[in-house]
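Chain A is the first sequence line, chain B the second, and so forth, proteins listed ahead of strands; every chain is numbered from 1.
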Number of protein chains: 2
Amino acid sequence: MKKYEQILQALEKQILDKAIAEGELIPSENTLAMRFKTSRATVRQALKILETQGLIQKQQGRGSVVIAREKVNFPISGLTSYHELQDMLKLDSLTDVVVFEELLIDEKLAALTLFPLGETTFHILRRRRVDGAYVILDEDYILKSVAPNLTREHAATSIYAYLEQTLQLTIAYAQKEITIDFAQPTDYDLLDLNTDDRHVVSVKSHVYLTDNTPFEYTHSRHQVDKFRFTEFARRTKY
Amino acid sequence: MKKYEQILQALEKQILDKAIAEGELIPSENTLAMRFKTSRATVRQALKILETQGLIQKQQGRGSVVIAREKVNFPISGLTSYHELQDMLKLDSLTDVVVFEELLIDEKLAALTLFPLGETTFHILRRRRVDGAYVILDEDYILKSVAPNLTREHAATSIYAYLEQTLQLTIAYAQKEITIDFAQPTDYDLLDLNTDDRHVVSVKSHVYLTDNTPFEYTHSRHQVDKFRFTEFARRTKY
DNA sequence: CAGTGGTCTAGACCACCAA
DNA sequence: TGGTGGTCTAGACCACTGA
């Protein structure tokens, strides 16, 4: 394992286990460099990640302080997949695969997904039951050339686990958008909406690989009163 | 100016001006290091920021590619204030200061704002008119000890400009939460809600200084069909 | 295989904070 | 004033990509 990852994980563990309490200073960069027998640059690489994650706040002339934040967070943020989220929160949840098919990418689909015209895409519709109620509808388009052997079983468990662990694909970034849309007939059919709900929360994402290929387009629709999005944001330029 | 900032700004400009087109490679790290008469580490510091901003995608063995993305983005993200946003998008917009008062921080307020019990806070209620309709209601609590001389005039223009430029405060980070809430009587009074809207989008933030003092709590409420949140997210650990 | 970005070293000087 | 983090240098070797 890389040295900065060792340092990162050691500190992460100490912070999450509360071995270093909120508000306390972590050891100085020089101390850490000596302790891990490395240079300050390598220590700083690890600390930068902790800062980005919102686990520490650096203060010039003073040190790096562990900051608050329950690590609960219901992130649509950071590209966490539904399955990972479910693991993390130990939700009582279940996924139905409603549609699993292949489609030819026509002009309309190309405009929506940003996939190349003429190729083939998987089209997957899943609904998610949490605590006994169907509250999320997930529609995914995944470019077939990227994952030719994708099956309905992968869709029922975790597509991301298959892509990253089995296929060793590196997912790089996504552009996401959250809006409030009118509920459609499909939403009323497949979700347990309250009778007088007119809206659903709509989360759309274009997801890209490191070579900048758009390979996934997701559109998920959430019952309004079950939706929560949290984010840790920094003001400065890192 | 710091060297990495020079490199950052030079590249940022070239990308935003489309001097380097989307999909093209920027010069290699070694080339940039020579061109700016600096070391590779300094160049990499600048490139890291461009990567975080979603302007480039690095590829080991190949180079750094300029990636798409209109820089429009309607961010609640990244701590951009309403006033900055307005500038950026050249919105026809207007701010009413409905309430500007000071309050003693009792237990209830302390729990909400995370401010110290017994101190004083400003309480500011503003509504925002965009394109002729009142669509956003902003409720702010700002700790008086941090900005003792804050006035109604600052609230009418930009509180953040006052805090950062005049008071030279450094705003470090924020924890934000987006949910869909039932519209309250105040919302119906002050916003131009559609008659059958039952909901508003609720965005709450606790904002902190570099010394980890919580100094602002904001709760904004948006008309559902005017709300849009976009985000650029990376999957990896930077 | 040449060139790219990823990791790492062992220094240096500076700005800032707290005691 | 001593210790902290912020910036920077001038190297090195490695992993990976594309021709």
Output yes when a side-chain donor or acceptor of A/Arg128 lies under 3.5 Å from a complementary backbone atom of A/His222, and no otherwise.
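Between the backbone of A/His222 and the side chain of A/Arg128 there is no qualifying donor-acceptor contact (under 3.5 Å).
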
Might you work through the ring-ring contact (aromatic ring centres under 6.0 Å, His included) test for A/Tyr141 and A/Phe115, ending with a clear yes or no?
CA-CA 9 Å; A/Tyr141 294 89; A/Phe115 296 164; 7.4 Å; no

Report yes if the distance between the aromatic ring centroids of A/Tyr208 and A/Phe215 is under 6.0 Å, otherwise no.
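Between A/Phe215 and A/Tyr208, which both carry aromatic rings, the centre distance is not below 6.0 Å.
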
Can you find a pair of side-chain heavy atoms, one from B/Glu119 and one from B/Ser145, that are under 4.5 Å apart?
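When only atoms from C-beta onward are counted, B/Ser145 and B/Glu119 do touch, with a gap below 4.5 Å.
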
Would you mind reading off the distance between [X] atom [atom1] and [N] atom [atom2], rounded to a whole angstrom?
X: B/Gln45; N: C/dG5; atom1: CD; atom2: C1'; result: 17 Å
X: B/Glu29; N: D/dA15; atom1: CD; atom2: P; result: 17 Å
X: B/Glu5; N: D/dT7; atom1: CD; atom2: C1'; result: 11 Å
X: B/Leu25; N: C/dG5; atom1: CG; atom2: C1'; result: 12 Å
X: B/Lys48; N: D/dT7; atom1: NZ; atom2: C1'; result: 16 Å
X: B/Ile7; N: D/dT7; atom1: CD1; atom2: P; result: 12 Å
X: B/Leu8; N: D/dT7; atom1: CG; atom2: P; result: 12 Å
X: B/Ile49; N: D/dT7; atom1: CD1; atom2: C1'; result: 12 Å

Nearest to the side chain of A/Lys2 - C/dC8, D/dG6, D/dT4?
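Minimum distance to the A/Lys2 side chain belongs to C/dC8.
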
When you check every protein heavy atom under 4.0 Å of nucleotides 9-19 of chain C, what one-letter string (B, S, -) results, 5' to 3'?
BB-B--BBB--

I want to check one thing: is the phosphate of C/dC8, taken as OP1 and OP2, less than 4.0 Å away from some side-chain N or O of A/Tyr4?
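Answer is no, no contact under 4.0 Å.
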
Hey, is the side chain of A/Lys58 poking within less than 4.0 Å of OP1 or OP2 on D/dG6, counting only N and O atoms?
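Result: yes.
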
Does this structure show an ion pair linking A/Lys144 with A/Glu102, if we count only N-O contacts that are shorter than 4.0 Å?
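Here A/Lys144 pairs with A/Glu102 in a salt bridge, since their nearest N and O are under 4.0 Å apart.
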
Basic-acidic side-chain contact under 4.0 Å: B/Glu29, B/Arg40
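Judged by the 4.0 Å cut-off on N to carboxylate O distance, B/Glu29 and B/Arg40 do form a salt bridge.
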
Below 30° counts as parallel, above 60° as perpendicular, anything between as tilted: where do the rings of A/Phe227 and A/Phe229 land?
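Ring orientation, 0 to 90° scale: parallel.
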
